[in-house]
Structure formats: structure tokens, C-alpha cells
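Structure, as C-alpha cells:
Values below: every heavy atom of this structure, side chains too, minus hydrogens, waters and symmetry copies. Note that ligands are numbered from 1 as they come in the structure, with each ligand's atoms numbered from 1 the same way.
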Amino acid sequence: MARYTRLTEPIALITLNNPPVNALSSAVRSGIVDSVSQALKDDQVKAVVFCGENRMFSGGADIKEFSGSMSGPPLVRMIHSIEASEKLMVAAIEGVALGGGLELALGCHYRVANTKARLGLPEVTLGFLPGAGGTQRLPRLTGITAALELITTGRQISAQEALQLGIVDQVTEGNAVQAAMELALSVIGQPLNPRRLSLRPPVWSADVDSVCEVALARVKQHSRGAMAPVACVQAVRAAAMLPYSKGMEKERQLMDTLFRSSQARALQYAFFAQRNAGKWSLPNGARWNNTKARDVQRVGVIGLGTMGRGIAVSLVKAGLSVVALESDAKQLESGKKAVTAMLQRDAQRRGVGSPLHLLTFALSFHQLKDVDLVIEAVFEDMNLKKRVFSDLCKVLRAGTLICTNTSGLNVDELAKVTDRQHLVVGMHFFAPAHVMKLLEVVYGSRSSPEAVAVAMALGKRIQKVCVAVGNCPGFVGNRMLKLYMDQSLYLLEEGATPEQVDQALEEFGFAMGIFKVADLSGLDVGWRVRKASGLIGPDIDPVNPSRWRLGQRYCPLPDMLCQQGRFGQKTGRGWYLYNSPGSKEAKPDPEILNFLEDYRLKYGITPQRISSQEVIERCAFSLANEGFRILEDGIAAGPEDIDVIYLFGYGWPRHRGGPMFYASQVGLSVVLEKMEHYHRIHPDVPSLEPSRLLRRLVAEGSPPIQQWRNHIKNLHSQL
Ligand SMILES: CCCCCCCC(=O)CC(=O)SCCNC(=O)CCNC(=O)[C@H](O)C(C)(C)COP(=O)(O)OP(=O)(O)OC[C@H]1O[C@@H](n2cnc3c(N)ncnc32)[C@H](O)[C@@H]1OP(=O)(O)O
Ligand SMILES: NC(=O)C1=CN([C@@H]2O[C@H](COP(=O)(O)OP(=O)(O)OC[C@H]3O[C@@H](n4cnc5c(N)ncnc54)[C@H](O)[C@@H]3O)[C@@H](O)[C@H]2O)C=CC1
């Protein structure tokens with residue numbers, strides 16, 4: 001796991017060998033310790049160069065080991081003895097040096113990096129801090145301000161930036177091992193004490209307190225209840241105030257608190273869930289590793305509205321050529337202006353050439369005849385989409401995929417109007433499509449595994465986090481969102497205010513409460529959908545709208561707001577009040593409070609005091625309960641996929657893992673008990689009834705989330 005090579009020069013090479021990222025597993029650490037001791041014993045060896053197999057230094061500690069009992073040589077001690085060694089130690093960094101990988105390099109006396117290498121301390125994203133001396137050594141190299149920024153954000157930096165910050169001593173365009181050997185030969189014999197970071201005094205300066213205060217305020221604002229960023233500030237502050245050994249004690253204390261915390265478990269779960277989502281599988285057994293995706297070079301985008309614009313930008317940025325089509329010249333012009341401006345701004349920001357040559361704008365379907373794949377993003381109207389799909393079949397080549405960005409319409413029904421049902425899938429992007437990372441790839445009953453593979457590969461190429469999901473109204477994300485929104489509205493009916501619900505959700509960690517999100521997206525969007533689905537029709541009394549529709553409780557509050565022209569931010573009024581149309585700062589609106597009071601009076605509802613706990617339970621547990629139904633229905637392959645969708649598409653706080661992980665942490669029996677309780681109180685809300693799978697998992701002893709897939713398989717086999 002670490003290879004020792006004695007070179008002809010007085011140098012030994014230690015190669016970390018644990019593909020794919022040379023994580024510092026217990027075996028690798030043992031290998032390093034053995035190799036270092038071999039080098040120290042060999043009198044001919046004057047210097048040691050550390051590198052990684054396959055030109056990849058190290059992705060850090062082996063995260064998989066964190067869930068078990070840790071064995072093997074401790075990283076902290078290992079790095080300390082490397083730094084304390086009487087022989088020269090040099091790190092040759094290629095690929096990445098992250099987390100423990102960078103901490104190992106910081107323990108070396110010199111660091112050389114290839115120009116393409118990336119360095120960083122991303123531990124904060126896993127719920128803890130760089131606990132192998134990173135919080136004490138890095139500030140001693142870069143100063144407090146830069147160290148605070150790097151450690152609290154986990155940002156990865158280029159070799160060039162690392163050179164400017166003093167983290168590496170040399171950057172080479174060539175082979176870093178070669179450069180490290182040359183550097184070693186030039187400095188062998190020079191004193192090592194000045195190179196040992198642990199011997200440097202604390203990096204105190206007069207403004208330390210204010211710098212740390214500013215950093216603390218920033219992380220508290222951004223971290224939404226996450227503990228690790230706050231602890232990172234405290235650890236870095238120790239590097240400014242205390243000698244190294246005392247600073248290390250502080251680092252260890254903070255690490256002990258964080259390491260086994262539920263937040264760290266959630267963040268590590270999210271790390272693997274994100275990677276597992278790419279390993280899709282379909283109910284028919286087709287999988288990511290038994291299905292080939294053919295290459296896509298040219299993509300058609302139909303409709304350059306809110307979504308089409310962002311989709312076109314994402315594709316072009318990834319180097320794909322795009323034919324963007326609109327229904328008339330005016331819309332085309334406005335779409336063209338927007339897409340061009342977005343791409344130019346992005347190119348300017350990144351200091352790269354503008355990729356506009358990859359874009360063609362079109363009004364005729366014939367201009368799509370050579371594309372490999374089409375993404376349709378016209379209005380959410382089944383008949384219109386069907387017309388577009390059948391028109392497309394007249395011009396597209398036989399093998400071209402047709403994808404729809406529908407938010408929840410039936411993909412099978414759309415496929416039926418085409419001559420290629422096997423090549424139709426949903427590619428459900430999230431707004432704004434060039435920013436949001438999530439992509440739901442929706443397979444219909446006739447979609448071929450190849451079509452899914454192509455859509456997943458294309459999504460990955462444009463840097464989306466892709467999740468394959470089955471076809472049902474709203475797919476996974478929006479199907480669950482509906483119940484979450486319903487609960488929030490019922491809470492308003494029962495006595496809560498929008499601010500109160502939003503505050504509880506934001507304290508839980510959501511980036512934005514659900515009513516603020518609704519104002520941002522536009523309340524008219526859902527209103528149109530409800531009209532189209534028959535929930536609102538001419539038979540509904542607009543003054544005293546019924547609270548009972550299609551056989552269950554219905555909340556007409558959002559419809560009543562829309563009737564008043566309150567569409568959210570765009571009209572300056574929605575659930576909140578805004579200074580002007582389009583302004584973003586949401587202020588509580590006394591009119592809404594009066595409106596809610598009148599509403600409750602009109603319907604004879606006695607307002608209740610709603611606690612934050614009830615808000616969270618009804619919203620979060622409803623999400624999870626519907627997630628269980630989605631798993632029962634085979635719409636998502638596993639709980640991790642659902643969690644990834646909520647993390648990347650709906651602002652679920654990452655340090656809570658996702659709604660399914662949250663349910664597993666709270667305890668499935670607690671979730672079941674609460675759902676039973678709320679369903680007893682609200683028997684007119686069928687979605688509050690605990691799902692079959694939840695009951696079954698509780699009956700089977702609430703197995704850990706990693707085992708749910710097996711239980712679901714058993715359930716399916718018995719159906
Ligand atoms: C009291 C106890 C004291 C303990 C002290 C601990 C102190 C520490 O300082 C702790 C640490 O180092 S924590 C680890 C910090 N490192 C990271 O967060 C890097 C995580 N990895 C990445 O960013 C990307 O994988 C990377 C950029 C590296 C590569 O990205 P790619 O997109 O090329 O590839 P991925 O698909 O992400 O990954 C490929 C496969 O490798 C697995 N993997 C990645 N990093 C790992 C890691 N650090 N440990 C274990 N497995 C890891 C990844 O899951 C994927 O696996 P497969 O899906 O099975 O192929
Ligand atoms: N807006 C959102 O937040 C999200 C929307 N979606 C879905 O994306 C699709 C598009 O939504 P938006 O972009 O918001 O709508 P939009 O109203 O902003 O844009 C639709 C565009 O399609 C164009 N169009 C209509 N008929 C056309 C035709 N026959 N040929 C070419 N272009 C045509 C329109 O001129 C308009 O520019 C819908 O299916 C929607 O449900 C999906 C995820 C999020």
C-alpha cells in the first residue's frame with residue numbers, strides 16, 4: 001500500500017498506492033511508517049520523496065474507515081515523526097493533495113506541485129476539521145486570514161495559488177517527482193529546523209481577535225447550524241494564540257467532539273450518497289456498469305424560456321454544440337440575448353474565451369436534423385409537448401434521443417406520440433438550470449437502458465449530480481415537495497404564520513423557508529398547474545372556496561393570494577411584502593396576518609399555537625414518509641438517491657444528510673409514532689398515514705439506512 005523504492009541518488013521514493021485516490025487507509029499508513037523507518041535505517045539515503053501512484057498524491061484519510069473502529073498507525077503521530085525526522089522529506093504533489101494528504105505534505109520539509117495539482121483541506125465538508133495538524137501547520141505558512149478561509153470553506157486551490165500563499169515551495173509543469181528529487185539534491189545538508197512548521201511560533205498579530213470575529217460571523221451566517229465551520233475558526237485561532245503543542249491539544253479536543261457527531265455522520269453519508277447516485281440501476285436489471293452510453297456532441301434545446309436558457313448555457317460551457325430553437329422571432333431574440341449575455345459573463349469571470357461559436361439559434365425544426373439528442377423545455381402543457389414531440393420525429397435522425405424537461409408530466413404519455421418510445425426520457429433540470437447541480441433522469445416504461453445511460457452521461461459531462469428515477473407524477477423531488485408544501489399550508493390554516501414556518505425551517509438548516517421559496521419561484525406557477533389539473537375550476541366559489549377537493553383536504557390559501565395578484569417577488573407581494581416588484585428582501589406583511597385571521601374566522605378554525613418542533617415534524621417526516629412510498633413503488637432505487645435529490649435540488653441542509661437519513665437518525669419508530677399521531681388528528685390528510693415500508697422497517701427492528709435496499713427488495717419480491 002506504500003511502495004519503497006531506493007533510487008540511485010541518495011534518495012528513497014515512497015509511493016502511496018491505494019487507487020483510485022490513494023486514500024490514507026490503515027494499510028497505507030502502515031506502509032508509510034515501515035517505508036520511512038527503512039529509509040531512516042539506510043545510511044546512504046539522505047532524503048525521502050513522497051508521491052502517489054498514477055500521478056495522484058492523495059485524497060486524504062480513508063473516509064470509509066471513519067464508521068468503524070480506527071486501527072493502524074495514527075495519522076497525527078505519523079506526520080509528526082516525518083516532520084521530526086533527521087532526513088530531508090519532500091512531497092511531490094500531482095493530482096490532488098486533500099485533507100490528510102495535504103497534512104502529510106505539510107509535515108514534509110518541502111513541497112513541490114505540478115501546475116495541474118489541486119490542494120485543499122475539505123474536512124469541514126465532512127463535518128470535522130483537519131485533525132492531523134492541518135489547523136496548526138497551515139496558518140503558520142499562510143497566516144491566519146488565508147488559513148481561516150481555506151479551512152472553514154474546504155475550498156480547493158490550484159498549485160499556482162498554493163505557491164502564492166506559500167503552501168508549496170515550487171510549481172513545475174513537468175513531473176513533480178523529478179522536480180522534488182532535484183530540489184532535494186539542492187538542499188540536502190541544509191538545516192531542517194526552519195522547515196519544521198511545528199517549531200514556528202504562534203502566528204499572533206494585533207488584529208487576530210477581529211479577524212476571527214469576522215470569520216465566525218461569516219461561517220455562522222453561511223453554515224446554517226453546522227458545527228464544523230465554527231470549530232474550524234476556534235482551532236485556527238489557537239494557532240494564532242498558542243504554541244504548537246497546545247494548539248494541537250485544542251485541535252484534538254474539537255476533533256473529538258466533531259468526529260462522531262451526528263452532523264459528521266450525515267455529511268459523510270452525503271459524500272458517498274452523491275457518488276452512489278451515479279451508479280444507477282433500473283428495475284429490469286440494467287445498470288451503469290452493464291450499459292454503454294453512446295457519445296453526444298450536438299444537442300437541440302427547444303424553448304429558450306427560464307429553463308431552456310440555463311440548459312443551453314450548461315451544455316455550451318461543457319463544450320457541446322447547441323441548436324436552440326424558439327417558437328417565434330421575438331422569443332428567439334430575447335432568448336438569444338439572455339443566453340449570449342450569460343455565456344459572455346461567465347467567460348469573462350473565468351478568464352477564458354467566449355464559446356459562442358458553439359451556439360446556433362433556430363426557428364425551424366429542420367435545423368435540428370443533425371443533433372444527437374434534443375431537450376424540450378416548452379411550456380408545461382401536455383398537448384403542446386405532444387405536438388412538439390411528434391413534429392420532432394419528422395425531422396430527427398432515427399437514433400436521436402428526445403428528452404423532456406417537464407416538471408412532472410407523464411413521460412410514457414409523451415413517448416407514445418413518437419416513433420421511438422425507447423429513446424424518450426425525462427431530463428428534469430432545476431431552476432436556474434446553469435447553477436443548480438441536480439438532474440433527475442426519468443425513465444419511462446419503454447425507455448431503453450442505453451437512453452438512460454446517454455442522459456446520465458450527458459448530465460455528468462455538464463457537471464450535474466444525476467439521479468435516475470422512475471416515472472410518476474412529479475417524479476421524486478416534486479412528488480415529495482407537494483406534501484411538504486401541503487403541510488406548510490395546513491399549518492397556516494391551523495394558526496401559524498409564514499414567517500413562523502420559515503423561521504423553523506431555516507433554524508433547522510434550510511437555506512430558505514418554503515414560503516420564501518414559493519415567493520421566489522412565483523405563486524402563479526402552481527396556480528396554473530392546479531387549474532390545468534382540475535383542482536380549480538368554474539364550479540369553485542372564488543369567495544368561499546371549498547377546503548375539500550378530490551376526496552381530501554385542500555388549502556385554497558395560495559389560490560386566494562393569486563386572485564389578489566400576489567404572485568410573490570415578481571409582483572412585490574406574495575406570502576411576504578417586498579419593497580418593489582423584483583426586490584428580494586422579504587418582510588412580514590400585516591395584511592397577510594389579517595387575511596389569515598379572516599380566513600380562519602370564515603371557516604370556523606380556532607387558531608392553535610404551533611411549535612417549531614411541530615413544523616419540522618410535519619414537514620420533514622411527511623417528506624420522509626412519501627420517500628418511503630417512492631421506495632415501495634420502485635420510483636427511486638434507494639434512500640440515498642432521494643436524499644441526493646433533496647440535498648442538491650431543494651436546499652435540504654447537508655449536515656442533516658437528507659430526509660431519509662434524517663428519519664433514520666431520529667429513529668424510524670419515532671417517525672412512525674409521530675405520523676400515526678398526526679394522522680389521528682388529521683384523518684382528512686391521507687398522506688399523513690404512515691407508509692407500508694416505514695411500518696415494515698420498524699417491525700423489522702429499524703435496520704440502518706445502508707440495509708434498507710435489501711428490505712425493499714424483499715418487499716418487492718413479495719408483491
Ligand atoms: C480521531 C481520528 C483522527 C482522524 C484524523 C483525520 C484527519 C483528516 O485530515 C481526515 C481527512 O483527510 S478526511 C478526507 C479529506 N478528503 C476529502 O474530503 C476528499 C474526498 N474526495 C474527493 O474530493 C474526490 O473524491 C477526489 C477529488 C479525490 C476525486 O474526485 P473524482 O471525481 O475523480 O472521483 P470520485 O468519484 O469522487 O472518487 C473516486 C472513488 O474514490 C472514493 N474516494 C474518494 N476520496 C476518498 C477518501 N478520502 N476516502 C475513501 N474513498 C474516497 C470515492 O468514494 C469513489 O469511490 P467509488 O465510487 O467506489 O469509485
Ligand atoms: N421554471 C422552473 O422552475 C422549472 C420548469 N421546468 C419545466 O421546464 C419547462 C419549461 O419551463 P419554463 O422554462 O419555466 O417556461 P417558460 O415559460 O419560461 O419558457 C417556455 C419557452 O418555450 C417556448 N415555446 C413554447 N412553445 C414552443 C414551441 N412550440 N417551440 C419552441 N419554443 C416554444 C416559449 O416561447 C418560452 O420561451 C416546463 O415543462 C416546466 O415545467 C422544470 C424545472 C423547473
Side-chain angles (χ1 to χ4, degrees), residues 18-25 56-66 70 74-76 79 95-104 118 120-135 154 156 251-252 255-256 258-260 264 267-268 271-272 274-279 300-311 324-328 330-332 334-335 338 362-365 375-382 384-385 387-388 391-392 404-409 426-433 436 438-440 460 477-478 520-522 525 528-529 649:
N18 182 17
V21 302
N22 298 323
L24 296 165
S25 64
M56 158 75 77
F57 189 73
S58 174
D62 187 340
I63 303 166
K64 287 192 203 89
E65 287 184 350
F66 295 165
M70 306 274 282
L75 197 56
V76 176
I79 293 173
V96 297
L98 298 176
L102 180 55
E103 289 174 301
L104 165 63
R118 284 178 299 135
L121 293 173
E123 286 87 342
V124 69
T125 65
L126 298 168
F128 47 88
L129 46 71
T135 66
Q156 294 178 20
E251 182 186 276
R252 204 195 56 246
M255 184 72 168
D256 284 348
L258 294 174
F259 195 61
R260 305 242 173 246
L267 286 159
Q268 288 154 37
F271 175 85
F272 289 114
Q274 181 181 344
R275 279 150 185 87
N276 278 338
K279 296 173 182 164
V301 176
I302 307 186
L304 280 184
T306 309
M307 294 306 288
R309 293 171 187 192
I311 295 169
L325 184 126
E326 255 295 346
S327 52
D328 63 51
K330 193 166 159 237
Q331 293 287 45
L332 186 68
S334 129
L363 282 171
S364 156
F365 274 45
I375 302 173
E376 164 278 308
V378 303
F379 305 126
E380 187 77 337
D381 173 332
M382 180 57 100
L384 170 65
K385 287 189 193 278
R387 254 197 331 274
V388 168
D391 286 349
L392 277 171
T404 173
N405 183 46
T406 175
S407 310
L409 295 177
M427 284 184 83
H428 181 211
F429 291 83
F430 288 72
M436 293 294 284
L438 180 65
L439 175 67
E440 280 183 327
K460 189 170 176 196
N478 287 345
L520 175 70
S521 316
V525 179
R528 241 179 290 131
V529 173

Could you tell me the residue and atom name of the protein heavy atom closest to atom 14 (O) of ligand 2, and the distance to it rounded to 0.1 Å?
T306 CB, 3.7 Å
For atom 50 (C) of ligand 1, the closest protein heavy atom turns out to be D62 OD1, 3.2 Å
Right, does atom 9 (O) of ligand 1 have protein non-hydrogen atoms nearer than 4.0 Å?
yes
With a 3.5 Å distance limit and no angle check, can you tell me whether R118 reaches the backbone of V96 through a side-chain donor-acceptor pair?
no
Under 4.0 Å from one or more heavy atoms of I302, ligand 2 contributes atoms 30 (N), 31 (C)
Of the side chain and backbone of V525, name the one, both, or neither that has a heavy atom under 4.0 Å from an atom of ligand 2.
neither
Could you find the nearest protein heavy atom to atom 1 (C) of ligand 1 and give me its residue, atom name and distance?
F259 CD2, 4.1 Å
Pair L267-F128, side-chain contact (heavy atoms from CB on, under 4.5 Å): steps then yes or no:
CA-CA 9 Å; L267 286 159; F128 47 88; over 6 Å; no
For atom 40 (C) of ligand 1, what's the nearest protein heavy-atom neighbour? Residue, atom name and distance, please.
P20 CG, 3.5 Å
Top protein contact for atom 23 (O) of ligand 1, by heavy-atom distance:
L98 CD1, 3.9 Å
N18 side chain vs A23 backbone, donor-acceptor pair below 3.5 Å:
yes
Atoms of ligand 2 under 4.0 Å from any heavy atom of S407, numbered from 1 in the order shown, are 5 (C), 6 (N), 7 (C), 40 (C), 41 (O), 42 (C), 43 (C)
Backbone, side chain, both or neither: what part of Q331 comes under 4.0 angstrom of ligand 2, heavy atoms only?
side chain
Per-atom contacts of ligand 2 with T406, taking only distances under 4.0 Å to non-hydrogen atoms
39 (O)
What protein heavy atom lies closest to atom 19 (C) of ligand 1? Include the residue and the distance to one decimal.
G59 O, 3.3 Å
Between H428 and ligand 2, find which residue part has any heavy-atom pair under 4.0 Å and reply side chain, backbone, both or neither.
side chain
At under 4.0 Å between heavy atoms, which part of A61 makes contact with ligand 1: side chain, backbone, both or neither?
both
Within a distance under 4.0 Å of any heavy atom of L126, pick out the atoms of ligand 1 and give their elements.
13 (S), 14 (C), 18 (O)
If we count only non-hydrogen protein atoms and require a distance under 4.0 Å, does atom 34 (O) of ligand 1 qualify as touching the protein?
no
Compare E251, R118, M255 and give the one whose heavy atom is closest to atom 4 (C) of ligand 1.
M255
At a 4.0 Å cut-off, with the gap strictly under it, does some heavy atom of K279 reach an atom of ligand 1?
yes
Audit row: L409, T404, side-chain contact (heavy atoms from CB on, under 4.5 Å) steps and yes/no
CA-CA 9 Å; L409 295 177; T404 173; over 6 Å; no
For ligand 2, which atoms sit closer than 4.0 Å to a heavy atom of K385?
38 (C), 39 (O)
In terms of atom number and element, which parts of ligand 1 are under 4.0 angstrom from non-hydrogen atoms of E103?
7 (C), 8 (C), 9 (O)
For atom 26 (C) of ligand 1, is there a protein heavy atom at a distance under 4.0 Å?
no
Ligand 1 to F271, heavy atom cutoff 4.0 Å, flagged ligand atoms 20 (C), 21 (N), 44 (C), 45 (N), 54 (O)
On a heavy-atom basis, I'd like to know which of R252, K64, Q268 is closest to atom 51 (N) of ligand 1.
K64
Run down the list P122, G134, G99, G60 and name the one with the heavy atom closest to atom 17 (C) of ligand 1.
P122
State the atoms of ligand 2, each with its element, that fall below the 4.0 Å cut-off from a heavy-atom position in A431.
3 (O)
Measuring from the heavy atoms of A377, does anything fall under 4.0 Å of ligand 2?
yes
Give me the residue, atom name and distance of the protein heavy atom closest to atom 55 (C) of ligand 1.
R275 CD, 4.3 Å
closest protein heavy atom to atom 26 (N) of ligand 2 is L384 CD2, 3.7 Å
Look at atom 27 (C) of ligand 2 and say which protein heavy atom is nearest, naming residue and atom and giving the distance to 0.1 Å.
V378 CG1, 3.5 Å
Can you tell me which residue and heavy atom of the protein come closest to atom 49 (N) of ligand 1, and the distance to 0.1 Å?
I63 N, 2.9 Å
Which segment of F430 sits under 4.0 Å of ligand 2 when only heavy atoms are counted:
neither
Please work out which of L258, L104, V21, N18 has its closest non-hydrogen atom nearest to atom 28 (C) of ligand 1.
V21
